[in-house]
Structure formats: structure tokens, C-alpha cells
2 protein chains.
Amino acid sequence: MIKGNQGTEERIFEAAKNVFVKKGLNNSRMQEIAQEAGMNKALLHYYYRSKEKLFQAVFNSVMKRVIPPIAEMLEKEIPLFEKIEFIVDRYINSLISNPQIPVFFIQEIQRNPQQIVEIIKKYGIKPEVFFQQIENEIKAGNIIDIQPQQLIVNLLSLCVFPFAARPVVQGMIFENDKKKYDQFLFERKKEVSKFIINSIRKK
Amino acid sequence: MIKGNQGTEERIFEAAKNVFVKKGLNNSRMQEIAQEAGMNKALLHYYYRSKEKLFQAVFNSVMKRVIPPIAEMLEKEIPLFEKIEFIVDRYINSLISNPQIPVFFIQEIQRNPQQIVEIIKKYGIKPEVFFQQIENEIKAGNIIDIQPQQLIVNLLSLCVFPFAARPVVQGMIFENDKKKYDQFLFERKKEVSKFIINSIRKK
DNA sequence: TGTAATTTTGACCACTTGGTTAAACCTGTT
DNA sequence: AACAGGTTTAACCAAGTGGTCAAAATTACA
């Protein structure tokens, strides 16, 4: 049964996602989202009540798409070095496909930190499993002594930061050459895991 | 000669810096800045014409305080490993004193990327000097083969990201314990340089 | 086909915000 | 004391904002 509204709600949602992710909550206008969806502004309120509600819907959906794969990777039962290579490769790959996500997150983090933590935990990331694996490897003498927290933050930093700071880094050390920076990011899929493993492997 | 305005302009500037750095341009209100400075809103326009001009004044000042020390460190003529230790320690220290700066920058980066690159170059950061030093060490066989760009972005990532993502990381892996996270950041002053040098040192 | 229910629209509202202005207020000078 | 300069203020304005509403258009259904 095709209802009268042939995907109106979905069109609003997609338009909102585009605009919100690109500009963040405070720089996005309801009017702009309506235009992007090709309809009247009042419809956004008809379907989603308020800007805040619409934003929450978008934000939850983005989290739901981004977090579970990470959770799954962290808990996968494969050797540590393999796992690091796997996570870095997949994570950077997904950031290459969605390069605005880090800034979108960082902005929302400031606005509402606790909510994000709760969503992340809801979708199942339990860093303790990964921590345990790291500690086991340390005890087994396979990697150097390092705080698991330091290691995982290092991994995150190395993956995410180049996307958040792209405009400046690209301007400073890549003569603003977009292709060069894309290539740079592509190579990081291997470089970052090499860098990490090099650092923690026991000689 | 003490004029009638006993530092009014400076008080505006300080108030604006506080508010802008904490909330970013778009979430800051002129009224709020006026309140913080304890004066009438019209005075902000009397001294700085517009919100944008006031923001530029603040932004330039912050850049002027943050960039030159980095430029100086990058060009200092000391051995590479020492330099890495020096930069990481000083940089993280300065971020501990000004933890909102990374988010402030990342937000402004999106708004006006090219302007930032120009300011940075104006204040004298020339990464080429550092790149040359890295390439020399590679040729001399002291460190492994690595793209200088990858290395410097790794260094930046490891220093800056934990401040930008603090609320989430603190919530996820430090049970939202502020003191634990402060301690974590403090330890990174040594951990990050160890991590980097471990990775690039030739065995 | 006629009617009720739902969806869509344009006009509108209340409020916020950056910015302006004319008048009041110093403060130093004569 | 009176004047002249810059400084400070309260009141105001225009534009933009999220949100509302009644009427129009469309769809579902008897």
C-alpha cells in the first residue's frame, strides 16, 4: 500500500542528514533542509516536531551506522597485530567515505558529551575486551609495556585527526593539492598500522 | 595619561576571547560578551565595529600566541629524537593550559580554511626545515624509511586529538573521571614521544 | 462520486540577534 | 562655570530564525 506521502519522511531525513553533517546543528537552517528536500518548511515540523528532534534522529542514525562496526572489530578474536591492521584499514576506509563525520562528532561532543557516551555504550562498544587482549600480550612478552588506554587513544588519534584538521594540513604541507592529500590518506591505511606495530613490537 | 576608557578595549577583548574560545563564533552572543565584560553591548561595536572584526582580532591573537613557539621548535637545531621529545612535551603542556584551543581551531578551520593557512605561514611555520632533518636521518640510517609528512601528522594527531575528543574518551574509558583523564594527559607528555621514537628508531 | 482524513502549503508570529542612534555622561580645558 | 571631546548607555531597528495555523490539495474509502 503506497501511502500519500511517498517517502516524504525519508526525504526529509536524507536532506537533514546532508545539511546537518556538513554544517553542524547551529549552522543549519530548517529552511535550507526543506529546500534540499524540495518541500515546504512546515512539513519538517509536521513529521519531526522540532529541529532538535530532527537532529537527534539524524545523529542517532549516524551513530548507529558508525559505532557497531567498530564494536565488532574490537571484540573480534584474532591476534593483536592483525587486529590493529584490520581496524586501522577499515576505520580509515570508512572515514574516507564519510570525511565530514569527525568534525560533526567533535562539534556535537562539545554540545552534549554525556549523551554521546551513552549512545556509544548502547550500541555496544566495550573497550575492556580489547584492553584485556593488550594486557595479555604484554604479559606474554609479545609487546612492550604500555597502558592499554594510551595505545587505543593513539590508534584513534592517528586515524581520525587527519580528517578533522584536513584543510590546514593540506594547506600547510601539501600545497593545498587535494589529490595529494587523498593519496596521503589512502597510504595511511597501511602506514598507521605499521607505525603502531613498529612501536609496540618487542625486539 | 589615563584616558576615560581605562582599558575598556582590553576588557572587551578579554571577554570576547573567553566566550569565543569556549563557544566558537556561531554560538557566542555579543550580548554575552558585553555581560562578561560588564558593559553595554553598543560598546563592543564602538570599539570593534562588528562581531566578525572582534572575532578576527581574538583569533589572530590566539594564533599569534600559539604558532610562533611551534615554528621555533620545528627549526631548532638539535638532534631529531631530542626535538621530538621537546616538541611533544611543550606542545601537550601548552594544550593542558589551553584545552579548548583544538576545538576552537577545528571549528574555525571549517569556516575559513585558507585564511588559517595564510596566518600560520605569516607567523613563520616552515615545515620544510623539519622535513629536511627527517630525510637526513633516514639517509644516515638512523631511523626507518618514512614519509616526513606521515611522521609530522602522526605527531600532531597524537598530541591534539585527545583534547578535541576528551568528553567521549573520558566517558568511554575513564569512567568520566576528570582526574584520571588529567593524569592520562600528563603522562602522554612522555608516552607520545616514547611511542613515536620507538616506532621510527632503527634497530 | 462524495466525503472524511491526511498531507502540503503560504502566510504569519514571537523571539533572538547583530547592529544603529540620539541622548546622557564624564573629563579635561579655558 | 561653560564648553568640547570622546565615551557610555538605553531604546530601537531590520533581518533571520524556529515554529504555528488555517486553508488548500491530495488521498483513502464508503
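Predicted model only: the values in this text are computed from it and were never measured. Residue numbers begin at 1 in each chain, while the letters A, B, ... track the order of the sequences.
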Closer than 4.0 angstrom, basic N to acidic O: yes or no for B:E52 and B:R111? yes
Please enumerate all protein N or O atoms sitting under 3.5 Å from an N or O of nucleotides 10-14 of chain C, with distances to 0.1 Å.
{"unit_1": "C:dG10", "atom_1": "OP2", "unit_2": "A:N40", "atom_2": "ND2", "d": "3.3"}
{"unit_1": "C:dG10", "atom_1": "N7", "unit_2": "A:N40", "atom_2": "ND2", "d": "2.9"}

Under a 4.0 Å threshold between the charged nitrogen and the carboxylate oxygen, would A:K194 count as salt-bridged to A:E191? yes
Verify the ring-centre separation between B:F55 and B:Y48: is it less than 6.0 angstrom? no
Is a side-chain donor-acceptor pair under 3.5 Å present for A:N136 with A:Q132? yes
Could you state the CG-C1' distance from A:L43 to C:dT6, rounded to the nearest angstrom? 12 Å
Separation of atom NZ in B:K51 from atom P in C:dT20, rounded to whole Å: 14 Å
What is the distance from OH of B:Y48 to C1' of C:dG19, rounded to the nearest Å? 17 Å
Main chain of A:L74, side chain of A:K83: is a donor-acceptor contact present, judged purely on distance under 3.5 Å? yes
Using whole Å, what does the distance between atom P of nucleotide C:dT9 and atom OH of A:Y46 come to? 12 Å
Per the under-4.0 Å heavy-atom filter, residues of residues 14-38 of chain A near DNA chain C come out as none
Sorted by first residue and then second, give each ring pair (Phe, Tyr, Trp, His ring centres under 6.0 Å) pair with at least one member in residues 173-196 of chain B; sequence neighbours left out. B:F174-B:Y181, B:F174-B:F184, B:Y181-B:F184
If we ignore hydrogens and angles and just use 3.5 Å, is the side chain of A:R201 paired with the main-chain N or O of A:F81 as donor and acceptor? no
Would you say the side-chain atoms of B:K51 pair up with the backbone N or O of B:L25, donor to acceptor, closer than 3.5 Å? yes
Would you mind reading off the distance between B:R11 atom CZ and D:dT8 atom P, rounded to a whole angstrom? 8 Å
Does B:T8 have a side-chain nitrogen or oxygen under 4.0 Å from the phosphate oxygens OP1 or OP2 of D:dT7? no
Closest to the A:H45 side chain: D:dG19, C:dT8, D:dT8? D:dG19
Could you tell me whether a side-chain N or O of B:D177 sits under 3.5 Å from a main-chain N or O of B:K180, the two making a donor and an acceptor? yes
Could you state the CD1-P distance from A:I12 to C:dT7, rounded to the nearest angstrom? 11 Å
Contact under 4.0 Å: A:Y47 side-chain N or O vs C:dT8 OP1/OP2: yes
Mind calculating the distance between CG (A:L44) and C1' (D:dT17) to the nearest angstrom? 13 Å
